[in-house]
Amino acid sequence: MNRKATLFAAACAAMMLSPLQAMEEMAMEELAGITGQEGISLGLELRMNADASGQPLIAGCGASIGTGAPLASFANNNCRIASQGGARENLNGGEWLVAKNFFARILIPSLYIDSTRTPIAPTIYEDLDRFRDEDGTPLLATPHDIPALQLRVPETIELSMQIGGLSIEYGPTAYLNNSSYPFLGMKIGNADAGLPAEVRLEGTLTVFGF
């Protein structure tokens, strides 16, 4: 077993043991050898009103203005997301922008987080004017050879999203209303029906502060 594995990986391995296998106590020397210096790998998934394949959880929430669906098809309040702008709450008791028949799924299979250092020598992208406050005072003495956080996404990101219809509704609780027919719909997915869009991010992102 790699002693540089993260504590998270060690815990997962322990939970995967068969009930017939006894958990063995680790010596203090073994625990001391476990660090996170090889970085962290995370898997992230966000689902809103969607199942594991990115399809709507609620029957009927897939209806979209692009299919000529009637107004009644947008009445389900369980698949909505709404927002209200500032100073718009007094107009007709409230003005809401309501995304009806909304569902989405984002899957990032792996996100690698590691530590690194910035380059020792300047690169062609260096611009120290970016690190000044509003008065022009320098905030960073040098961007060279300082600790930084490195992010990398080595696998394809999957994205599925649909707004069946976007409409403006009026009233204090207008996010529940279905009085206005939607004027806009949006769908993000693969050209093949039912499959998510795929996004591939090449390279690494380095973040450093001062």
Side-chain angles (χ1 to χ4, degrees), residues 8 11-12 15 39-114 149-207 209:
F8 177 77
C12 288
M15 288 189 290
I40 300 172
S41 176
L42 300 177
L44 306 174
E45 182 177 16
L46 172 64
R47 280 190 261 163
M48 300 180 67
N49 299 333
D51 60 19
S53 62
Q55 300 303 304
L57 282 174
I58 303 171
C61 283
S64 171
I65 61 173
T67 61
L71 180 61
S73 301
F74 301 94
N76 195 324
N77 291 324
N78 293 320
C79 43
R80 291 185 174 190
I81 185 168
S83 63
Q84 185 181 67
R88 307 297 292 184
E89 62 273 5
N90 294 321
L91 184 63
N92 297 318
E95 183 182 56
W96 295 82
L97 185 65
V98 186
K100 303 174 182 179
N101 291 357
F102 171 83
F103 58 92
R105 174 179 177 263
I106 300 174
L107 174 65
I108 304 178
S110 58
L111 170 64
Y112 290 167
I113 305 175
D114 204 352
L149 188 69
Q150 183 172 274
L151 306 176
R152 182 167 60 93
V153 182
E155 297 184 54
T156 300
I157 297 174
E158 295 183 3
L159 174 61
S160 299
M161 187 186 77
Q162 175 177 301
I163 299 175
L166 194 66
S167 65
I168 297 176
E169 301 286 351
Y170 298 96
T173 57
Y175 48 85
L176 300 175
N177 294 353
N178 194 42
S179 302
S180 302
Y181 191 78
F183 60 86
L184 175 70
M186 178 184 295
K187 185 171 184 178
I188 298 176
N190 198 293
D192 295 324
L195 296 179
E198 296 183 347
V199 181
R200 179 77 181 187
L201 301 178
E202 301 288 347
T204 58
L205 173 65
T206 302
V207 182

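Below, each value reflects all heavy atoms present in this structure, side chains not excepted, and no hydrogens, waters or symmetry copies.
- In this structure, OG1 in Thr206 is found 8.0 Å from CG in Leu151, a value given to the nearest 0.5 Å.
- A 6.0 Å sphere centred on CE of Met161 holds more than 12 heavy atoms belonging to other residues, nucleotides or ligands.
- Taking every heavy atom of both residues into account, Thr156 and Arg200 meet most closely at N-NH1, 3.8 Å.
- Applying the salt bridge (charged side-chain N to carboxylate O under 4.0 Å, His left out) rule to pairs touching residues 169-186 yields Lys100-Glu169, sequence neighbours excluded.
- Within the structure, salt bridge (charged side-chain N to carboxylate O under 4.0 Å, His left out) contacts touching residues 150-164 (residues at least two apart or in different chains) are Arg105-Glu158.
- The side-chain contact (heavy atoms from CB on, under 4.5 Å) search around Tyr181 returns Ile65, Leu71, Phe74, not counting sequence neighbours.
- Side chain of Trp96 to main chain of Gly171: a donor-acceptor pair is present (N/O by atom type, distance under 3.5 Å, no hydrogens or angles).
- The shortest side-chain heavy-atom distance between Pro154 and Tyr112 falls under the 4.5 Å cut-off.
- Nearest approach of Phe183 to Ser167, heavy atoms of both residues: CE2-CA, 3.8 Å.
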Can you give me every donor-acceptor pair (side chain of residues 47-62, partner residue at least two apart or in another chain, under 3.5 Å) with its distance?
unit_1	atom_1	unit_2	atom_2	d
Arg47	NE	Glu45	OE2	3.2
Asn49	ND2	Phe102	O	3.0
Asp51	OD1	Ser53	N	3.0
Asp51	OD1	Ser53	OG	2.8
Asp51	OD1	Gly54	N	3.1
Asp51	OD1	Gln55	N	2.8
Gln55	NE2	Gly194	O	3.4

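- Pairing each heavy atom of Pro109 with each of Leu107, the nearest pair is CD-O, 3.6 Å.
- Taken to the nearest 0.5 Å, the CG atom of Leu42 stands 5.5 Å off from the CG atom of Leu44.
- Here Thr173 contributes atom OG1 and Asn77 contributes atom CG; the two are 9.5 Å apart, rounded to the nearest 0.5 Å.
- Listed by chain and residue number, nothing satisfies the side-chain hydrogen bond (donor to acceptor under 3.5 Å, both in side chains) test with Asn177 (two or more places apart in sequence, or in another chain).
- The two residues Gln162 and Ala63 make their nearest non-hydrogen contact at NE2-O, 3.7 Å.
- Remark: side-chain polar atoms of Arg80 are not paired, donor with acceptor, to backbone N or O of Val98 under 3.5 angstrom.
- To the nearest 0.5 Å, atom CD1 of residue Ile163 and atom CD1 of residue Ile81 are 8.0 Å apart.
- Checked against side-chain contact (heavy atoms from CB on, under 4.5 Å), Leu159 has the following partners two or more places apart in sequence or in another chain: Ile106, Ile188.
- The shortest non-hydrogen separation linking Ile168 to Glu95 is CG2-CG, 3.7 Å.
- For the atom pair CD1 (Ile157) and CD (Glu198), the distance works out to 11.0 Å, reported to the nearest 0.5 Å.
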